[in-house]
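Residue numbering restarts at 1 for every chain, and letters A, B, ... go by the order of the sequence lines. Being a predicted model, the structure only gives us computed values, none of them experimental.
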2 protein chains.
Amino acid sequence: MTASQALHLWHNTALKLVHSDGPDLTLRQMSILLHIYLVPPPHTVRGLAAVLGVTKPVITRALDSMGSLGLVRRTRDERDRRNVIIQRTVDGALFLENLGDIVVEEARGLPL
Amino acid sequence: MTASQALHLWHNTALKLVHSDGPDLTLRQMSILLHIYLVPPPHTVRGLAAVLGVTKPVITRALDSMGSLGLVRRTRDERDRRNVIIQRTVDGALFLENLGDIVVEEARGLPL
DNA sequence: TCCGAATGATACGGTAGCGAAACAATCGTT
DNA sequence: AACGATTGTTTCGCTACCGTATCATTCGGA
């Protein structure tokens with residue numbers, strides 16, 4: 001894959017995401033969501049903050065937003081009640097499934 | 001490319017963008033920037049609004065933001081002074097060059 | 001039991017985005 | 001010259017995000 005192809009792929013995919021009337025996630029929110037769904041659990045606020053290199057309130061806010069969108073769910077860790085375990089949802093999985101399909105589709109139609 | 005690979009590609013790239021202390025562009029801003037640099041000129045506010053499917057103030061605001069970041073430049077169209085021509089800059093080209101390199105690099109290291 | 005450490009949430013002031021509507025400048029036509 | 005159409009910008013009220021600092025809860029060891 002060349003740099004030019006990569007930019008066209010990013011361009012076409014971003015454009016489709018803008019066109020779709022789905023939720024309008026920040027780059028950070030997108031990163032968090034992808035991390036939760038692609039990396040084996042458990043996921044905590046502190047862990048995500050470390051991985052993303054951002055402060056904890058950023059994670060809390062992102063979980064608030066995506067939680068009210070139904071993309072993610074919070075549960076207390078019963079073994080250490082200070083922790084919050086972030087869990088996947090059906091809607092979140094569908095959302096990312098759709099994203100993956102868009103990327104694949106755009107990659108297929110790329111100029112050589 | 002499989003959907004899983006696509007998601008990993010998106011994940012790794014988004015993560016690198018979050019880590020980098022570069023400008024934090026919205027998905028819409030990213031779309032606009034890519035369009036300006038990948039599609040032959042001329043580019044106008046109205047044209048971009050139509051392509052993105054958003055209102056004109058969205059484009060004006062995005063150009064304000066990215067203009068002050070040096071990623072984009074505005075010029076009056078002297079043949080029809082109602083139009084504003086959006087032009088590329090060296091910094092904008094460098095920014096996207098870097099993005100392309102990140103995507104290519106991440107695509108290379110993808111799990112099979 | 002008590003006290004420091006750790007985790008996540010909240011408060012605060014500031015910035016930036018949004019859509020809808022109104023505005024200013026310019027053009028083309030009459 | 002005058003008028004309507006077109007283009008881009010601005011304004012308005014609103015929502016959401018940011019980092020810093022602080023708070024509440026919980027844990028674990030002295």
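- Residue B:R76 has no polar side-chain atom (N or O) positioned under 4.0 Å from OP1 or OP2 of C:dA25.
- Proximity note for B:R61 (side chain, C-beta onward) versus D:dG19, C:dG19, C:dG8: the nearest is C:dG19.
- Of all nucleotides listed (C:dC18, D:dG8, C:dA9), D:dG8 comes nearest to the side chain of B:V84.
- The number of heavy atoms from other shown groups lying within 6.0 Å of CZ (B:R88) is above 12.
- The distance between atom CG of B:D21 and atom C1' of D:dG19, rounded to the nearest whole Å, is 16 Å.
- In the set C:dG17, D:dG19, D:dC27, the nucleotide with an atom closest to the side chain of B:Q29 is C:dG17.
- As rounded to whole Å, 13 Å separates atom C1' of C:dC18 from atom CD1 of B:I32.
- Taking only side-chain atoms of B:D80, from C-beta outward, the nucleotide of D:dC18, D:dG8, C:dT26 with the closest atom is C:dT26.
- Rounded to a whole Å, the CG atom of A:L27 is 15 Å from the P atom of C:dG17.
- Rounded to whole Å, the distance from CG on A:L48 to P on C:dG8 is 9 Å.
- Residue A:T55 places no side-chain N or O under 4.0 Å from the OP1 or OP2 atom of D:dC18.
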Between the protein and nucleotides 21-25 of chain D, list every N/O to N/O distance that falls short of 3.5 Å.
none

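- Residues B:I32 and B:L94 fall into different hydrophobic clusters, defined by Ile, Leu, Val, Met, Phe, Trp and Tyr side chains chained together at heavy-atom separations under 4.5 Å.
- Within 4.0 Å (heavy atoms only), B:T60 reaches at least one base atom of the nucleic acid.
- Remark: B:L99 CG to A:L7 CG distance equals 5.5 Å, nearest 0.5 Å.
- Residues B:Q87 and B:P41 form no side-chain contact, since every pair of their non-hydrogen atoms from C-beta on lies 4.5 Å or further apart.
- The ring pair (Phe, Tyr, Trp, His ring centres under 6.0 Å) pairs that include a residue from residues 48-68 of chain B number zero, where partners must be two or more places apart or lie in different chains.
- In this structure, B:I59 is not a member of the same hydrophobic cluster as B:I85, with clusters built from ILVMFWY side-chain heavy atoms closer than 4.5 Å.
- Here B:T26 does not reach the OP1 or OP2 of C:dG17: none of its side-chain N or O atoms lies under 4.0 Å away.
- For D:dC17, one of the phosphate oxygens OP1 or OP2 lies less than 4.0 angstrom from a side-chain nitrogen or oxygen of A:S65.
- Nearer to the 5' terminus of DNA chain D, by closest-nucleotide assignment, is the contact made by A:R28 (compared with the other of A:R28 and A:E78).
- Both A:I59 and A:D24 sit near DNA chain C, but only A:I59 has its closest nucleotide nearer the 5' end.
- Ring pair B:H43/B:H35 is perpendicular by interplanar angle, where above 60° counts as perpendicular and below 30° as parallel.
- When the nearest nucleotides of DNA chain C are assigned to B:D77 and A:K56 by heavy-atom distance, the more 5′-ward of the two goes with A:K56.
- Across D:dT9, D:dG19, C:dG8, the shortest atom-to-atom separation from the side chain of A:V58 is found for D:dG19.
- Under 3.5 Å, the side chain of B:R74 and the base of D:dG8 form no donor-acceptor pair of N or O atoms.
- B:R79 has no side-chain polar atom (N or O) that falls below the 4.0 Å cut-off from OP1 or OP2 of D:dT7.
- Taking CE of B:M30 as the reference point, atom CH2 of A:W10 lies at 7.0 Å (rounded to 0.5 Å).
- The B:N83 side chain lies nearest to D:dT7 when the options are D:dT9, D:dT7, D:dC17.
- Atom P of nucleotide D:dT7 and atom CD1 of B:I86 are separated by 13 Å, given to the nearest angstrom.
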